[in-house]
Amino acid sequence: MPSKDTAKKYNEKDKNIFFRYFIITVVLGLVAVAILGSAFKIGVREKKEWLKVAEELKLPDLLVNPARGNIYSSDGRMMATSAPKYYMYIDFKAEGFALDSFRNSRYNNVDSLAYYLSKKLKNRTQAGYREHLLKGLKTKKRQYPVYEGRVSYADLKEIKTFPFLRLHRNRSGFYTKEMMQRQKPFDMLASRTVGDIYSEIDSGGVTKGKNGLELQYDSLLRGIPGLNSVQRVGGRWTNIVEVEPVNGMDLRSTIDINIQDLVEKALTDKLKEIDADAGTAVVMEVKTGAIKAITNMERVGQGRYAETLNHAVADEIEPGSTFKVASMMVAIEDGVVEPETPVDVGDGTYTYANQRLADHNSNRGGYGLISAEKAIWYSSNIGVAKIILKGYERNPKKFVEGLHRIGMDADLRVEIPGAGKPKLRRPGDRYWSKTSLPWMSFGYEVQIPPIQTLTFFNAIANDGKMVRPMFVKDILKNEKVVKHFDPETVIPKICSERTLKIIQQMLYNVVNYKDPTPARRDGTGMPARSEVISIAGKTGTALIASGGVYRTSGYNVSFCGYFPYEDPLYTCIVVISRPRIGFPSGGLMCGTVVREIAEKTIANCTVSDLKKMPDDSLKAPYPEIKNGDYAALKNVMKGLKIKAGEAAPVNSGYVTATGNDRGITLKELPLTGNLVPNVVGMGAKDAVYALENCGLRVSLSGRGRVVSQSVKNGSRAVPGQTVTLTLKE
């Protein structure tokens, strides 16, 4: 037990410690109060003053450009993407422009800069660039182009390291203007449908669509710009992103690149063959209305064609004889005519209301007395006109209402901006005349965009259901679908089931009817007939009006149909304008293109089960095997489950292989170090390895397996000697 003195000593010590803690607590409390007071003063009383100071240490906000969304094909292949491009300028009146360095610096003068620019850009010599830059200095322009073209971001990064340009912007005066270039990996394929953009980034920090899907879906593709400010932090200017940009969404189109490619080639080849002004071809999926291919080729030079306008959706043209199908459908539906109803077209000429109508064979005496269905097979203007006059001459309004009922002027709400609208004349209209009814019946005095005609024929193929043409199937964000577009029905049933079957049979015979008589009056679509796939459709030929007058100087020829006839998958229309070589014919010129498209499209999408296919009579029992490395050959044959017999043990590591119906026999290929080996029958890899192991050099000619060697096998190997091997498939 401690003494009283010791206890007293401890009590005094405790009091001292407590007093010190008390002092420290008071001091810390006062500091905390001071901090809170200062914070209150700065945050409340002096808030405006400090915010003003902060603003002085911050440069104005800058827009951060968002990435424009991509456009893909139906299978996800890139059809349009954005890449920034830059114009380069020098401000020769910049406040801190380093004039002395530009003229006299050892490493950053105009001569060094001219050398590097010339080497990189290759549009001027070094002397040419020196003269160009000194001219800018002399004129003191604020926006003097370093280079007239645009450069990529990667090139710009390199150019910024060039002499003088690597100095700070205020000293070099160097600055850039960003532009956005839309790149299309598949070049012109469906280019007008995909569309273009304005390359200049607008004041809002985004790019804007110019036409096509780029314009239609511009609000989704362009994104939302962000905000970026430059603030002074710790004595340095620092970029701070205040609002992150929102990149544009992506589109997955309905375009099938493979079908698009073959459609464009088939059409372009035909345009060159007949020296036409322009042509359009569109392929639509029957059940969904998805546009799988669309091409619009126009002459841009002698023998050269490119996409300039989207004629398929924009052109309001007189369709000609393809319209006869609509007239016949209305007449059958209204009970005006039956397929077997006779109609006399005489010698191929007919006068009505002082206007002469003619059939395409009027110079050969016409068709005489034919049935109504043959008026479609033979594409008789007079036959269809007489049928329509018989049923609607006293009430033409009923005929026009029938055309409306079957969807010939339906609003398809086509996704491509600038799409044309179908126009049907009506009794009482300004331009309605006595001849309007018969001329409308075979496709004149009406304006129908090709996409409208295609949609009507697609409805015939689709059991009467008219679906809206569809160009986009999905909208994506970060590779995830945010909106999917389903097929949209425009008219559930364009006509009765009976009428539909009659029309379908007529379209089949347009292409496939073979006249058994010596007259050889085949269907006008006979050139579209295929031996490998059944096609149904209708030809069309129409004079092109100019100033309200029809002249013989130009025709639009067309063919619209679907395939396969028994179970339609696709509908296709081809329209060719002003062919110069050959007699204008929808069958010969457009039907042949549709046939090629149909055959290649079906071939591309036909998948055969090899296991169920009968063996080829020429089928080899075993694959052809090359001579060569024993271990590698055994490994491959094991993987293919091919049994092989060995004539004798293999010691050299190389074998020859022979095969017959009974199997594969491997025989050792002896190798002696000082003798040239026999490499005939080997592949290039094994042959080169075997020869180089002997110290020989090898020269190869051809591809496949070795068929000869320049140095005879078995001869003495001379190190460094070259052996030439000839290979053939």
Can you confirm whether Val698 sits close enough to Thr722 that some side-chain heavy atom of one is under 4.5 Å from a side-chain heavy atom of the other? no

Is it true that Lys292 and Asp256 have a side-chain N and a carboxylate O under 4.0 angstrom from each other? no

Is the closest basic N to carboxylate O distance between Asp261 and Lys265 below 4.0 Å? no

Quick one: is the NZ or CZ of Lys140 closer than 6.0 Å to the six-membered ring centre of Phe92, and within 45° of its axis? no

Does a side-chain N-to-carboxylate-O contact under 4.0 Å join Lys421 and Glu316? no

Could you go through the salt bridge (charged side-chain N to carboxylate O under 4.0 Å, His left out) check for Asp91 and Arg142 one step at a time? CA-CA 4 Å; Asp91 177 4; Arg142 283 199 170 277; 2.7 Å; yes

Heavy-atom donor-acceptor pair, Glu415 side chain to Phe471 backbone, under 3.5 Å: yes

Is there a side-chain contact between Thr295 and Thr280 (heavy atoms, below 4.5 Å)? no

To the nearest 0.5 Å, what is the distance between CD (Gln447) and CD (Gln452)? 12.5 Å

Can you find a pair of side-chain heavy atoms, one from Lys272 and one from Arg304, that are under 4.5 Å apart? no

Taking it one step at a time, do Arg68 and Asp218 satisfy salt bridge (charged side-chain N to carboxylate O under 4.0 Å, His left out)? CA-CA 9 Å; Arg68 188 174 180 86; Asp218 183 59; 3.0 Å; yes

Check whether Thr254 reaches the backbone of Ala290 with its side chain - one donor and one acceptor, N or O, closer than 3.5 Å. no

For Arg130 and Asp111, run salt bridge (charged side-chain N to carboxylate O under 4.0 Å, His left out): C-alpha distance rounded to whole Å, both residues' side-chain angles, the deciding distance at 0.1 Å, then the answer. CA-CA 6 Å; Arg130 185 179 188 280; Asp111 293 319; 2.5 Å; yes

To the nearest 0.5 Å, what is the distance between CG on Leu165 and OG on Ser112? 11.0 Å

Do any N or O atoms from the side chain of Asn247 and from the backbone of Ala67 form a donor-acceptor pair under 3.5 angstrom? yes

Please check if the side chain of Glu307 supplies one atom and the backbone of Asn296 the other of a donor-acceptor pair under 3.5 Å. yes

Sole candidate of Leu412, Val467, Val282 that passes side-chain contact (heavy atoms from CB on, under 4.5 Å) when paired with Thr455: Leu412

Val481 and Ile475: CA distance, side-chain angles, deciding distance, side-chain contact (heavy atoms from CB on, under 4.5 Å) verdict: CA-CA 6 Å; Val481 176; Ile475 297 173; over 6 Å; no

Give a yes or no on this: more than 12 heavy atoms of other residues, nucleotides or ligands lie within 6.0 Å of atom NZ of Lys287. yes

Once you measure the plane-to-plane angle for Phe102 and Phe97, does it fall in the parallel (<30°), tilted (30-60°) or perpendicular (>60°) bin? tilted

Is Tyr87 reaching over with its side chain to a backbone N or O of Met179, donor-acceptor style, under 3.5 angstrom? no

Evaluate side-chain contact (heavy atoms from CB on, under 4.5 Å) for Arg182 paired with Ile71, printing each intermediate quantity in order. CA-CA 10 Å; Arg182 206 64 164 158; Ile71 298 178; 4.1 Å; yes

Looking at Ser253, is its backbone amide N or carbonyl O close enough to the side chain of Ser74 to form a donor-acceptor pair, meaning the two atoms are under 3.5 Å apart? no

Answer yes or no: is there a donor N or O on one side and an acceptor on the other, between the side chain of Asp474 and the main chain of Arg252, under 3.5 Å? no

Note, His311 side chain near Glu298 side chain (heavy atom, < 4.5 Å): yes

Parallel, tilted or perpendicular for Phe485 and Tyr217, by the 30°/60° rule? perpendicular

With the threshold set at 4.0 Å, does a side-chain nitrogen-carboxylate oxygen contact exist between Lys208 and Glu214? no

Test: Lys600 and Glu596 ion pair at under 4.0 Å: yes

Does this structure show an ion pair linking Asp411 with Arg413, if we count only N-O contacts that are shorter than 4.0 Å? no

Distance from Arg299 atom CZ to Thr308 atom OG1, nearest 0.5 Å? 12.0 Å

Hey, are the side chains of Val263 and Ile294 touching, using non-hydrogen atoms and a 4.5 Å cut-off? no

For atom OH of Tyr689, decide whether the heavy atoms of other residues, nucleotides or ligands shown that lie under 6.0 angstrom number more than 12. no

More than 12 heavy atoms of other groups within 6.0 Å of Glu131 CD: no

Scan side-chain atoms only and decide if Ser101 and Asn108 contain a donor-acceptor pair under the 3.5 Å cut-off. no

Is there a side-chain contact between Tyr175 and Met88 (heavy atoms, below 4.5 Å)? no

Hey, what do you get for CZ (Arg169) to CD1 (Ile90), rounding to the nearest 0.5 Å? 12.0 Å

Between the side chains of Asp277 and Ser577, is a donor N or O closer than 3.5 angstrom to an acceptor N or O? no

Check the surroundings of atom CZ in Arg580: do more than 12 heavy atoms from other residues, nucleotides or ligands lie under 6.0 Å from it? yes

Evaluate Asp250 against Lys480 for salt bridge (charged side-chain N to carboxylate O under 4.0 Å, His left out), listing each step before the verdict. CA-CA 9 Å; Asp250 300 328; Lys480 294 183 179 179; over 6 Å; no

Would you confirm whether Arg578, through its side chain, and Asp275, through its main-chain N or O, come within 3.5 Å as a donor-acceptor pair? no

Out of curiosity, Leu215 CG to Asn211 CG, how far, rounded to the nearest 0.5 Å? 7.0 Å

Assess the residue pair Thr601 and Leu569 against the criterion (side-chain contact (heavy atoms from CB on, under 4.5 Å)); give the C-alpha distance rounded to whole Å, side-chain angles, the decisive distance to 0.1 Å, and a yes or no. CA-CA 10 Å; Thr601 298; Leu569 294 176; over 6 Å; no

If you draw a 6.0 Å radius around CZ in Arg77, do more than 12 non-hydrogen atoms from other residues or ligands fall strictly inside? yes

Any side-chain heavy atom of Val574 within less than 4.5 Å of one from Cys572? yes

Please evaluate residues Tyr153 and Tyr86 with respect to the criterion side-chain contact (heavy atoms from CB on, under 4.5 Å), reporting the C-alpha separation (whole Å), side-chain torsions for both, the decisive distance (0.1 Å), and the verdict. CA-CA 7 Å; Tyr153 179 70; Tyr86 300 87; 3.6 Å; yes

For the residue pair Phe563 and Tyr570, does the interplanar ring angle fall in the parallel (under 30°), tilted (30 to 60°) or perpendicular (over 60°) class? tilted

With distance as the sole test, does Lys119 use its side chain to make a donor-acceptor pair with the main-chain N or O of Gln126 at under 3.5 Å? no

Determine the interplanar angle of the Tyr129 and His132 rings, folded into 0 to 90°, and report it as parallel if under 30°, tilted if 30 to 60°, perpendicular if over 60°. perpendicular

Just checking, any donor-acceptor pair under 3.5 angstrom between side chains of Ser191 and Lys184? yes

Flag, side chain of Gln721 to backbone of Arg697, donor-acceptor distance under 3.5 Å: no

Residue pair Tyr116 / Pro163, side-chain heavy-atom distance below 4.5 Å: yes

When you check the gap from the basic side-chain N to the acidic O, do Arg150 and Asp155 get nearer than 4.0 Å? no

